Chemist: 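I'd like to ask some things about the structure below.
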4 protein chains.
Amino acid sequence: MPKNTFFNLAEEKRNRILEISIDEFAVFGYQNASISRIVEKAEIAKGSFYQYFEDKKDLFKYVVDVGAEKKLNYFRHLMEGMQEMDFFQLMREIFIGGIQFAKENPKLSTIGDQFMKSTDEQLKKEVLGENIPKSNQFIEGLLIRGIAQGDIDPAIDVKMTAHMLTTFTMSIGEYFIKEVRVKDNMEIMALVDKMLEIVKYGIHRK
Amino acid sequence: MPKNTFFNLAEEKRNRILEISIDEFAVFGYQNASISRIVEKAEIAKGSFYQYFEDKKDLFKYVVDVGAEKKLNYFRHLMEGMQEMDFFQLMREIFIGGIQFAKENPKLSTIGDQFMKSTDEQLKKEVLGENIPKSNQFIEGLLIRGIAQGDIDPAIDVKMTAHMLTTFTMSIGEYFIKEVRVKDNMEIMALVDKMLEIVKYGIHRK
Amino acid sequence: MPKNTFFNLAEEKRNRILEISIDEFAVFGYQNASISRIVEKAEIAKGSFYQYFEDKKDLFKYVVDVGAEKKLNYFRHLMEGMQEMDFFQLMREIFIGGIQFAKENPKLSTIGDQFMKSTDEQLKKEVLGENIPKSNQFIEGLLIRGIAQGDIDPAIDVKMTAHMLTTFTMSIGEYFIKEVRVKDNMEIMALVDKMLEIVKYGIHRK
Amino acid sequence: MPKNTFFNLAEEKRNRILEISIDEFAVFGYQNASISRIVEKAEIAKGSFYQYFEDKKDLFKYVVDVGAEKKLNYFRHLMEGMQEMDFFQLMREIFIGGIQFAKENPKLSTIGDQFMKSTDEQLKKEVLGENIPKSNQFIEGLLIRGIAQGDIDPAIDVKMTAHMLTTFTMSIGEYFIKEVRVKDNMEIMALVDKMLEIVKYGIHRK
DNA sequence: CATGAATGAGTATTCATTCAT
DNA sequence: CATGAATGAATACTCATTCAT
């Protein structure tokens, strides 16, 4: 976590540092991001940086947290309506939330994707803390609930299915950014529905 | 490509260098891999390294190639029987081949996965040559063929479905390495078949 | 140009670095000068060096500039009296200025001479900027003026004569350093006047 | 001197090595010339090179010697007619010989010029041997003879005048290569005569 | 006489971090 | 809280030369 000194900063300055850091990590990734470049662009002294953050990792952790926090907001409304929705409606919301977040925060999205895909387990542990929040587990929960409520085939392997869906959920934003470009929301919805059809009924000839 | 000097080396030495390089790239990734560390571990002089390889990228390219070559061997038999198989049988072989490769070559598998997931497009272009072979396209081809042969629902969005399956194909080795540990082959087959069931018929309650 | 950090340094330190760099370039020339040797002698950290200068070329450029600046000072007074002097009086001043500079700044003089004689046109362009100031042209101008004022034989080939005189002007400092050793100024003047006699009337038997 | 092994080589090979070395030194100068590049272009083994030559310097020495030898041939005829010529006729022959050599052997000429201008005294001593044959001395001799024979003003400072003329003799080839381009011999003669006029009668208004 | 692999000290440059003011 | 100079280990890479065969 950043030190108190950082949060005591004038908002304008704090935001400037944050935005520039996001830019840096989005473009260069964690390893190749350069503190020197950041402080130069942000027009703060090198020493000041280390008064705000423990070190490079501390800044990165913060940026990732900000992204996660923002992303969560795209799902907040879910929690409320959750009870009334079945599994596929929920997945629909999750897909849409993920895409929306990626569309509106492409840099944070990129940082998050890159980070999740990285194999630097050491870094992951340090950034996410001990409790690497297996996003798996959330979807696993949904699947179990879906089975209980009779939406989902009880014959599936839950863990594996959760992995399939998680993997895919995570790659979805990237796919929309890279391949689909910015389509209007109607088109996005249509594509999401086609995806869900597949998840639901598979791809075999009906 | 490594220089001839490398291939003229005694096999023992050549393998030592290769193995140590694979270790290095698997642990640190391309950017953070250190030539100094490699030559030290391999007990060769720095200058010697540069008699064998143009530069770091040349070594990496070689390691990736070795991995690709090895992986291909897991699919060679496919090409033959390809005509008689339907889409789902083919996917089954692809999954199994991928898993087998990952099980038997975890480090090379890691290197390949990391590399494919990396966002350093420049590096990709240089390592893979101009024609970055979108693995998407292969599966796209299979899907189109599957539709033509009546195995697959013509209503699907081919591009998107190809992306779903590619994403998953690529994460599958990783999944087995990380989650499933080394199970016996029977169990693996069973799991693969469950996956295919899902791809084929979806997860909804039948 | 060195960075501000360099000019903010304590004068003692700044001079130490400058002197040691001058030594290094004078002895080894640009190509063979070693940053490592410089920082070691100057007892500064390697990283510090790169806080002061962009790179090796930046340091060299600075050293050359310092030399040029110093040399110019030996000619400043010329500009004023220029109007009243004829060509031979001007050349006299130029010779004397060059010799004086070389006598009092032998290392800078060496560096400048070496640099001007070097065949690395790329380096020259980068150090001197696009406008490689052909010293030829200055003397060409003086010759033309001399002809107009009736001091100089209009039958000479101006370009070639300018080249003769320039070449000689440049080698003059070197000559005095190497061959004549440090004589008193009276003797130097006498020699300079003999030179001018030759330039003026040639060496044939009168 | 190259080792005997070099002179035992088939003429074709020996010449190939020589020509390629001349190219290399002409383009890169002594310091930046690369043995690796030479052996590669000449298609000989690295080890073979060191069977022919002691080291890089040994090769350079040889190349310089070859150039000097060739240059000397442009002056051989001089020695015969020397007795009948006066100083200015001799200088004329020397200028013309120098230009001719530079025109017909531009690479060797470049190597020689660069070498003579270099300030690496250590190298000079090693290449030329202890008795650095001051070309000064040759012209000094001519001047003294000229004075004795009544061609030249006895009032001149012989040493200094020799330096002036030497400096100029050496820069003359360069001047013709760089500025005058390949003119026909008539024009060259005319320019040489103008030069000599200046040396003889100076540049003052007659 | 030919070969070419082995060597290792050397190069310029980068970068996160510390520390004194 | 701000500053920016100081640090030094680390990086990829080069090159003339040696040596065993």
Side-chain angles (χ1 to χ4, degrees), chain A residues 3-6 8-10 13 31-40 43-59, chain B residues 3-6 8-10 13 31-40 43-59, chain C residues 3-6 8-10 13 31-40 43-59, chain D residues 3-6 8-10 13 31-40 43-59:
Chain A
K3 305 179 187 173
N4 288 328
T5 50
F6 178 67
N8 292 343
L9 249 37
K13 195 172 189 176
Q31 294 285 0
N32 290 75
S34 152
I35 298 297
S36 300
R37 219 156 25 210
I38 289 174
V39 299
E40 196 181 358
E43 287 173 311
I44 60 173
K46 263 251 182 82
S48 297
F49 178 87
Y50 285 88
Q51 299 233 355
Y52 308 148
F53 301 95
E54 292 297 345
D55 51 22
K56 191 182 178 180
K57 203 157 28 197
D58 191 31
L59 169 63
Chain B
K3 304 180 187 174
N4 288 328
T5 49
F6 179 68
N8 294 343
L9 248 40
K13 195 171 188 175
Q31 293 283 2
N32 290 77
S34 155
I35 299 296
S36 299
R37 217 154 30 205
I38 288 174
V39 299
E40 197 180 359
E43 286 175 308
I44 61 174
K46 254 217 190 122
S48 296
F49 177 87
Y50 285 91
Q51 299 238 25
Y52 308 148
F53 302 95
E54 293 296 347
D55 50 23
K56 189 181 177 181
K57 202 157 30 198
D58 192 32
L59 169 64
Chain C
K3 304 179 187 173
N4 289 328
T5 49
F6 179 68
N8 293 343
L9 248 40
K13 195 172 190 176
Q31 292 282 3
N32 290 77
S34 155
I35 299 296
S36 298
R37 217 154 29 206
I38 289 174
V39 299
E40 198 180 358
E43 287 175 307
I44 60 174
K46 245 199 201 143
S48 296
F49 178 87
Y50 285 90
Q51 299 241 23
Y52 307 148
F53 302 95
E54 293 295 347
D55 49 24
K56 188 181 177 180
K57 201 156 32 195
D58 192 32
L59 170 64
Chain D
K3 304 179 186 174
N4 289 328
T5 50
F6 179 67
N8 293 343
L9 249 37
K13 194 172 189 176
Q31 293 286 359
N32 290 75
S34 152
I35 299 296
S36 301
R37 221 157 22 211
I38 288 174
V39 299
E40 197 181 358
E43 287 173 310
I44 60 173
K46 262 251 182 82
S48 297
F49 179 89
Y50 285 89
Q51 301 232 355
Y52 309 147
F53 302 96
E54 292 297 345
D55 51 21
K56 191 183 178 178
K57 203 157 29 197
D58 190 31
L59 169 64

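Order of the sequence lines sets the chain letters (A, B, ...), proteins ahead of strands, with each chain counted from 1. Basis for what follows: all heavy atoms, side chains included, without hydrogens, waters or symmetry-related copies. Quantities reported herein were computed from a predicted structural model and do not represent experimental measurements.
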Chemist: C:Glu40 has an atom CD; how far is it from atom P of F:dT7, in whole Å?
Modeler: 14 Å
Chemist: Each nucleotide in nucleotides 13-21 of chain E should get exactly one letter: B, S or -. Can you fill that in based on protein heavy atoms under 4.0 Å?
Modeler: BBBSBB---
Chemist: Within the 4.0 Å heavy-atom criterion, would you say D:Lys13 contacts the bases, only the backbone, or no part of the nucleic acid?
Modeler: sugar-phosphate
Chemist: Would you kindly give the CD1-to-P distance between C:Ile38 and E:dT11, to the nearest whole Å?
Modeler: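 Going from C:Ile38 (CD1) to E:dT11 (P), I get 11 Å.
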Chemist: For A:Tyr52 and F:dG4, what is the distance between atoms OH and C1' respectively, to the nearest whole Å?
Modeler: 13 Å
Chemist: What does the 5'-to-3' dot-bracket notation of DNA chain F look like when only Watson-Crick and G-U wobble pairs under 3.5 Å count, and pairs to other strands show as |?
Modeler: .||||||||||||||||||||
Chemist: Which whole-number value in Å describes the distance from B:Phe53 CZ to F:dT14 P?
Modeler: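 In whole Å, F:dT14 P and B:Phe53 CZ are 15 Å from each other.
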Chemist: Tell me, please, which residues at least two apart from A:Lys46 pass salt bridge (charged side-chain N to carboxylate O under 4.0 Å, His left out).
Modeler: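 Per chain and number, A:Lys46 pairs via salt bridge (charged side-chain N to carboxylate O under 4.0 Å, His left out) with no residue.
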Chemist: Quick one: B:Asp58 CG to F:dA12 C1', roughly how many Å, whole number?
Modeler: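 So the two atoms are 14 Å apart, to the nearest Å.
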Chemist: C:Phe6 has an atom CZ; how far is it from atom P of F:dA6, in whole Å?
Modeler: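 One finds 11 Å between P of F:dA6 and CZ of C:Phe6, rounded.
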Chemist: May I ask you to evaluate whether A:Asn8 reaches the phosphate of F:dC1, defined as a side-chain N or O under 4.0 Å from OP1 or OP2?
Modeler: yes
Chemist: Once side-chain hydrogen bond (donor to acceptor under 3.5 Å, both in side chains) is applied, what residue pairs with a partner in residues 47-58 of chain D remain, sequence neighbours excluded?
Modeler: D:Lys57-D:Glu126
Chemist: From B:Leu59 CG over to B:Ile38 CD1, what is the distance, rounded to the nearest 0.5 angstrom?
Modeler: 5.5 Å
Chemist: Look up atom CD1 in D:Ile44 and atom CG in D:Leu9, then write down how far apart they are to the nearest 0.5 Å.
Modeler: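 It comes to 8.0 Å.
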Chemist: Output all residues satisfying side-chain contact (heavy atoms from CB on, under 4.5 Å) with C:Asn32, sequence neighbours left out; order by chain, then residue number.
Modeler: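 Scan of C:Asn32 (side-chain contact (heavy atoms from CB on, under 4.5 Å), adjacent residues dropped) gives C:Phe28, D:Gln31.
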Chemist: By nearest atom, which of the nucleotides F:dG8, E:dC1, E:dA6 is closest to the C:Ala45 side chain?
Modeler: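 Nearest to the side chain of C:Ala45 among the choices is F:dG8.
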